[in-house]
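Right, one structure below, let's go through it.
Since this is a predicted model, take the numbers as computed values, not measurements. Order of the sequence lines fixes the chain letters, A, B, ..., with proteins taken first and strands second; residue numbering starts at 1 for each chain.
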2 protein chains.
Amino acid sequence: MAPLFHPSREDITLAGVLSALADPMRLRIVKSLMQQNDCMSCIEAAPCPDIPKSTLSNHFRILREAGLIQTTKKGVEHRNVVREADINARFPKLLKTIVGYAE
Amino acid sequence: MAPLFHPSREDITLAGVLSALADPMRLRIVKSLMQQNDCMSCIEAAPCPDIPKSTLSNHFRILREAGLIQTTKKGVEHRNVVREADINARFPKLLKTIVGYAE
DNA sequence: TTCAATTGTTCAGAACTAGTGAACTATTGA
DNA sequence: TCAATAGTTCACTAGTTCTGAACAATTGAA
């Protein structure tokens, strides 16, 4: 399987971050990942259980390619964590401000 | 002609604001409107002169419907201004943080 | 080893959205 | 009355998103 793509810190763009977070489901995923202070599988981080997994997989790909999350394979599941340091280095306070308004 | 639609302050959503600002052209429009401290016509606020006017009109509609700008007719042109007070009331610091990172 | 269960990706088609030229409306000034 | 200007609306095309189905990888049990 092709390795999962993650942009380097410098390649994280404002437009990419904003459009990734503009989707309510993705914003809730990021919020729960940040609250967890730990890695979560895609299913654990999903905001509700009845989302088709192809849809969920797509949302995680968008978050990953925007540079918002880091995904590593661990056994059968993918562990996800928010790249807070990278986002904060690039756009200080942006992530906290936006996620703070997430329901 | 139908009057231009503007959402009330309470109807401004985070997702609407983020997806409106996720487009680089719209973000630049908002930034130049904020720097101007005055109303601007659509053409004045456009980031470059060769944008088709239907495209420009569409971007202004999206900004308007997201609650980011207030548009009023004045003679032959439309004067636009950012609804800073409304956005700040709804999502304090959000606008300034995002626009601060606009190129 | 083999098989089933679990987690997630990829593919393809349907539904939706965005960009744009052309036609249109409204206002102004000559 | 006519031309010029500023925007909107329409229709078409191109591209994106959502989703079910098929697939791949890992694990644990028989």
All pairs passing ring-ring contact (aromatic ring centres under 6.0 Å, His included) where residues 81-103 of chain B contributes a residue, at least two apart: A:Phe91-B:Tyr101, A:Tyr101-B:Phe91
Distance, rounded to the nearest Å, where A:Lys73 contributes NZ and C:dT6 contributes P: 17 Å
Any residue meeting side-chain contact (heavy atoms from CB on, under 4.5 Å) with A:Arg28, in chain and number order, not counting sequence neighbours: A:Pro47, A:Glu103
Distance test, side-chain N/O of B:Arg64 to OP1/OP2 of D:dG7, below 4.0 Å: no
Pairs satisfying side chain to side chain donor-acceptor pair (under 3.5 Å), at least one member in residues 49-60 of chain A, at least two apart: A:Arg26-A:His59, A:Asn58-A:Arg61
For atom CZ of A:Phe5 and atom P of C:dT10, their distance in whole Å: 14 Å
Spacing of B:Arg79 atom CZ relative to D:dG7 atom C1', expressed in whole Å: 14 Å
Under 3.5 Å: donor-acceptor pair, side chain of A:Lys31, backbone of A:Ala102: yes
Atom-pair distance (CD on B:Glu65; P on C:dA18), nearest Å: 11 Å
Bend angle of the helix from C:dT1-D:dA30 to C:dA30-D:dT1, end axes from five pairs each (to 10°): 10°
All side-chain hydrogen bond (donor to acceptor under 3.5 Å, both in side chains) counterparts of A:Asp86, not counting sequence neighbours: A:Arg9, A:Arg83
Phosphate contact (C:dT9 OP1 or OP2) by A:His78 side-chain N/O below 4.0 Å: yes
Rounded distance in Å - CE (B:Met40) to C1' (D:dG7): 16 Å
Worked check of side chain to side chain contact (heavy atoms under 4.5 Å, CB included) between B:Thr72 and B:Gln70: CA-CA 7 Å; B:Thr72 47; B:Gln70 169 77 38; 4.0 Å; yes
N/O donor-acceptor pair under 3.5 Å between B:Asn80 side chain and B:Met40 backbone: yes
Nearest-Å distance for atom pair CD/C1', residues B:Glu77 and C:dG29: 15 Å
Distance in angstrom units between B:Phe60 CZ and D:dT9 C1', rounded: 17 Å
Pair listing, side chain to side chain donor-acceptor pair (under 3.5 Å) test, anchored in residues 89-99 of chain B, at least two apart: none
Test side-chain hydrogen bond (donor to acceptor under 3.5 Å, both in side chains) applied to A:Asp11 - qualifying residues, sequence neighbours left out: A:Ser8
Along DNA chain D (nearest heavy atom to each residue), the more 5'-positioned of B:Ser57 and A:Arg61: B:Ser57
Between the protein and nucleotides 18-22 of chain D, which nitrogen or oxygen pairs come in under 3.5 angstrom?
{"from": "D:dT19", "atom 1": "OP2", "to": "A:Thr55", "atom 2": "OG1", "distance (Å)": "2.9"}
{"from": "D:dG20", "atom 1": "N7", "to": "A:Ser54", "atom 2": "OG", "distance (Å)": "3.0"}
{"from": "D:dG20", "atom 1": "O6", "to": "A:Ser54", "atom 2": "OG", "distance (Å)": "3.2"}

